[in-house]
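Some notes on the structure that comes next.
Only a predicted model underlies this, so the values are computations on that prediction, with no experimental measurement involved. Here is how names work: the chains are called A, B, and so on, in the same order as the sequence lines, proteins then strands, and each is numbered from 1. All heavy atoms count here, side chains included; hydrogens, waters and symmetry mates do not.
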4 protein chains.
Amino acid sequence: MTAASGGERADARRNRAKMLSVASELFAEHELEVPLGEIARRAGVGAGTVYRHFPTKQALLEAVFVQHLEELVASGERRMVGFAPTQAFFGFLMHVVEKSGRRGHLCEVVAADASWPHPMLTASVQRFRQVLTALLQAAQRVGGVRADLSPDDVVAVAVGCTSMLTTRRDRAAGRRLVQLVLDGLRPSADVTERSVFRDDLVSSPGRVELCADCGVKLPLRPTGRPARYCGPTCRQRARRRRLAG
Amino acid sequence: MTAASGGERADARRNRAKMLSVASELFAEHELEVPLGEIARRAGVGAGTVYRHFPTKQALLEAVFVQHLEELVASGERRMVGFAPTQAFFGFLMHVVEKSGRRGHLCEVVAADASWPHPMLTASVQRFRQVLTALLQAAQRVGGVRADLSPDDVVAVAVGCTSMLTTRRDRAAGRRLVQLVLDGLRPSADVTERSVFRDDLVSSPGRVELCADCGVKLPLRPTGRPARYCGPTCRQRARRRRLAG
Amino acid sequence: MTAASGGERADARRNRAKMLSVASELFAEHELEVPLGEIARRAGVGAGTVYRHFPTKQALLEAVFVQHLEELVASGERRMVGFAPTQAFFGFLMHVVEKSGRRGHLCEVVAADASWPHPMLTASVQRFRQVLTALLQAAQRVGGVRADLSPDDVVAVAVGCTSMLTTRRDRAAGRRLVQLVLDGLRPSADVTERSVFRDDLVSSPGRVELCADCGVKLPLRPTGRPARYCGPTCRQRARRRRLAG
Amino acid sequence: MTAASGGERADARRNRAKMLSVASELFAEHELEVPLGEIARRAGVGAGTVYRHFPTKQALLEAVFVQHLEELVASGERRMVGFAPTQAFFGFLMHVVEKSGRRGHLCEVVAADASWPHPMLTASVQRFRQVLTALLQAAQRVGGVRADLSPDDVVAVAVGCTSMLTTRRDRAAGRRLVQLVLDGLRPSADVTERSVFRDDLVSSPGRVELCADCGVKLPLRPTGRPARYCGPTCRQRARRRRLAG
DNA sequence: TATGAATGAGTCTTCATTCAT
DNA sequence: CATGAATGAAGACTCATTCAT
């Protein structure tokens, strides 16, 4: 229909994208129990076309997973520069959990030191782990996350939260639960105060009663201007980062 | 229902138990992706025998699930009398998580208001929920668990922890994580510590045939039409040759 | 329970009879598509018991068929002595059709000169054919049935009528049809008069407008005592038979 | 519905036609007792191909039946214009009987008021009934067929004649019988003549194993648990020996 | 290159038949 | 001798994958 500029190439790319997104959705809902024919049908292409792009169902799965990881990596990298470490870490985690649907199970491969055949997958997994590790360590350095957590721990927690979210029928209630669990990753000193649910941490990260840098809980004073940081150290650190860009 | 008379019953009972335990293990590992023939083989019986006892794969699944729930219910009831409320609740939860393996996903039905066809399954689910609710409320009454948690919340957390546990390869580390998460359900927490890693993932090469055009080796796949060419190029070349002469 | 007179023998006989009757009914309805287990269950015995009495499903089938044939043979023999030839023949045929249900198909074996493995079956089939042939020839001798019909023809007609009867949902209508078809076996000279349906030939063989001996149609005179025979010959023949017993 | 575009369609159409004709023949001979694999094999295609064209065995059956009905309808319509009413009716009926083989039994659905799920089937059945009814009424109007016959009667007669024809081994004799029966539908009849016989029935012996106790030969049955003993006596003897030592 | 038809191994399920008790 | 559990071949059906067009 469209007068071709680069020839069929554009169509092929569009097809590939369509297949990926369709497969992504279906895998997220039905977790592998999806016939390839169904994917082809919904993508509006023939079965052969799927196989021209992805030589195996496994390959398609991997492509979906790689794409998913890349999106998460991008989101993580954005957070690394734009947010305070602790906020970045928790925001990232919540994002991962919310975006993964039932694909969370595939994430199990991420938990491995990962010698996986497919090179691209390995690369994506590694990049994901790097981002995750960086965010984790940064948050740990500023004391916003328990020091005894490894990246593998965090991955496992994320996968678990994913399935919590799909289990709890009430989506809002599910998010509250995830929030609660993620709060459990904060240093135990502040555990006493975690008792208020917050639904808005992700959507509007500015309005919180936690330290904007390290995420530690801030005492609520009835009077005066509400505190943004837990102390001078965090305030100074945040300022330096602001100035750096 | 209750088997009380003599005769060959003993054998049948033993068989049934064997099948159930085999199925339980396999479902716990592979989550429904288990051929019934495999279960039969491992239980040392014929396929027909499985069907004599469980008229459907679904029926077997339900039986496994019911048995699992009954065990959990029994454990929960024991805890109700022998332990302090908070300890009973957390002990029960940890027990549930540790025993459920990948069956945790089946537990999703538990999270529902649960109008399930099979009467026995429904009954078991209800009893499970009753026990869970009782333990939860008792613990909440003595202030050992956050007051804003519903039974559905707890079920979701349990399911999530189940998948955390199977994700984290290091069992000890997994348990520590679960502990951490469960502690998040307390109004104020006390936590334990530890950490390690592990991993494995394999890929199998397989015997090969040769491309009918270029002679390159072809992978033998267990399903689908056996390949004759190594790809479209060779196929096309062969076709041209066919058409030419 | 019962104090044994002849020991278990009585029970066994009763069981065998029960099985036969159950099997007979089920075969008549579902034409072979009956699991042996179902027969066992309905007869109130174990599967093994069926096999003790009938070493094969085929054997059971044969037994059922033999019993059915024996009943038909007995009925046929009764008719040979108690009725005029033509009446005997048509009455027998109608009886066969009505009693056979879907077992009619099994009757196909009867159409064969029948070198069948099972000796008892062969014997029964032969006896059945003998009775049928005798009735047919007697009726033909008195001119009540077309002379160009062979026993095989008659068997085929009977089988066909059987399936006519099961096809026509309305049982009465079905019987009328069968009657019509059977009337087609009478000498063609009288065809003109076959246009009235009679539902009562079988149940009350006395009230017919046909000759009570040879079955030829009788002219209906508006006055006088209704005729019973088509002429003196038949009347005399009938009388001799009455006197003979 | 109508295939008009080019491409591989031709092959597919050929395959579909082949399957239909193979299935039609086999159903006509064995009446549903045909494994789909057998149909596939004879049509020279894989099992999956059959399922691509007919999602269910039932669907295949219906397709066969629909095709059969359509052919009959076409034949009926041709007769409506080219023949005198009575001749058209009887010619059609004879045609139906001769073409239907054992499929006649499927025709039972035609006898029903016919609320059948499959729309196409229903449509075909209705068209068939319409043609049949039209032919019947036309013939009745000119006095060529008894006035007291309903379309349902005629269908039942046709089905019955079908099974007459398959029962009578001698095809010519069978046709003569059918002729005779159909003539019975006329107010007054004219008949044809003829007669012959034929037959065959086989039983297969099979390879044999030996009784584990007395060494007598055992018949090898294709299904069921393979026998180890020649009967209960030997089994019991063997058992006593086992228990003794 | 895209299409969708063909392939066939593998799954669930049934049922005739034998065996242990 | 009766019972019902066990057996396993065979049938319906699915779906990953390749091939002809």
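Regarding Leu36(B), its CG atom lies at a distance of 20 Å from the P atom of dA10(F), rounded to whole Å. Here the P atom of nucleotide dG11(F) and the CG atom of Leu60(D) are 16 Å apart, to the nearest Å. Between the CD1 atom of Ile39(B) and the C1' atom of dT11(E) there is a distance of 12 Å, given to the nearest Å. Computed from coordinates, the Glu38(C) CD to dG4(F) P distance equals 15 Å when rounded to whole Å. Regarding Met19(C), its CE atom lies at a distance of 13 Å from the P atom of dC1(F), rounded to whole Å. Rounded to whole Å, the distance from CZ on Arg13(A) to C1' on dT1(E) is 15 Å. When rounded to the nearest whole Å, the span between OH of Tyr51(D) and P of dT7(E) equals 15 Å. Taking atom CZ on Phe54(A) and atom P on dT1(E), their separation rounds to 15 Å, with Å as the unit.
Here the closest non-hydrogen pair linking Ala40(A) and Val50(A) is CB-CG2, 3.8 Å. Here the shortest heavy-atom pairing between Val64(D) and Ala23(D) reads CG2-CB, 3.8 Å. Residues Phe27(A) and Ile39(A) share a closest heavy-atom pair of CZ-CD1, 4.2 Å. Smallest separation of non-hydrogen atoms from His53(D) and Ala12(D): CE1-O, 3.8 Å.
Identified under the side chain to side chain donor-acceptor pair (under 3.5 Å) test for residues 17-26 of chain C, with sequence neighbours left out: Ser24(C)-Arg103(C).
Comparing Val45(C) and Pro55(D) by the nucleotide of DNA chain F that holds the closest heavy atom to each, the one mapping nearer the 5' end is Val45(C). The 5' end of DNA chain F is approached more closely, in terms of each residue's nearest nucleotide, by Val50(C) than by the other of Val50(C) and Gly46(B). Each of Arg16(D) and Lys57(B) has a nearest nucleotide on DNA chain E; the 5'-most of these lies closest to Arg16(D). Heavy-atom distances to DNA chain E give each of Gly44(A) and Ala47(D) a nearest nucleotide, and the one nearer the 5′ end belongs to Gly44(A).
Taking a pair as Watson-Crick or G-U wobble with both distances under 3.5 Å, DNA chain E forms stems of 3 or more consecutive pairs at E:2-21 with F:2-21.
At the phosphate of dT7(E), OP1 or OP2 sits under 4.0 Å from a side-chain N or O atom of Thr49(D). Phosphate contact (OP1/OP2 of dA2(F), side-chain N/O of Asn15(C), threshold under 4.0 Å): present. Here His53(D) reaches the OP1 or OP2 of dA6(E): one of its side-chain N or O atoms lies under 4.0 Å away.
Nearest nucleotide to the Thr56(A) side chain, out of dC12(E), dC1(F), dT17(F): dT17(F). Picking from dA12(F), dA6(E), dC12(E) the nucleotide with the shortest atom distance to the side chain of Arg52(D) gives dA6(E).
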Take Phe54(C) and Leu20(C) through the side-chain contact (heavy atoms from CB on, under 4.5 Å) test and state the conclusion after the steps. CA-CA 10 Å; Phe54(C) 310 98; Leu20(C) 268 180; 4.1 Å; yes
For side-chain contact (heavy atoms from CB on, under 4.5 Å), just list the numbers for Lys57(D) and Leu61(D), CA-CA rounded to whole Å, side-chain angles, deciding distance to a tenth of an Å, and then say yes or no. CA-CA 6 Å; Lys57(D) 191 182 187 182; Leu61(D) 223 186; 5.9 Å; no
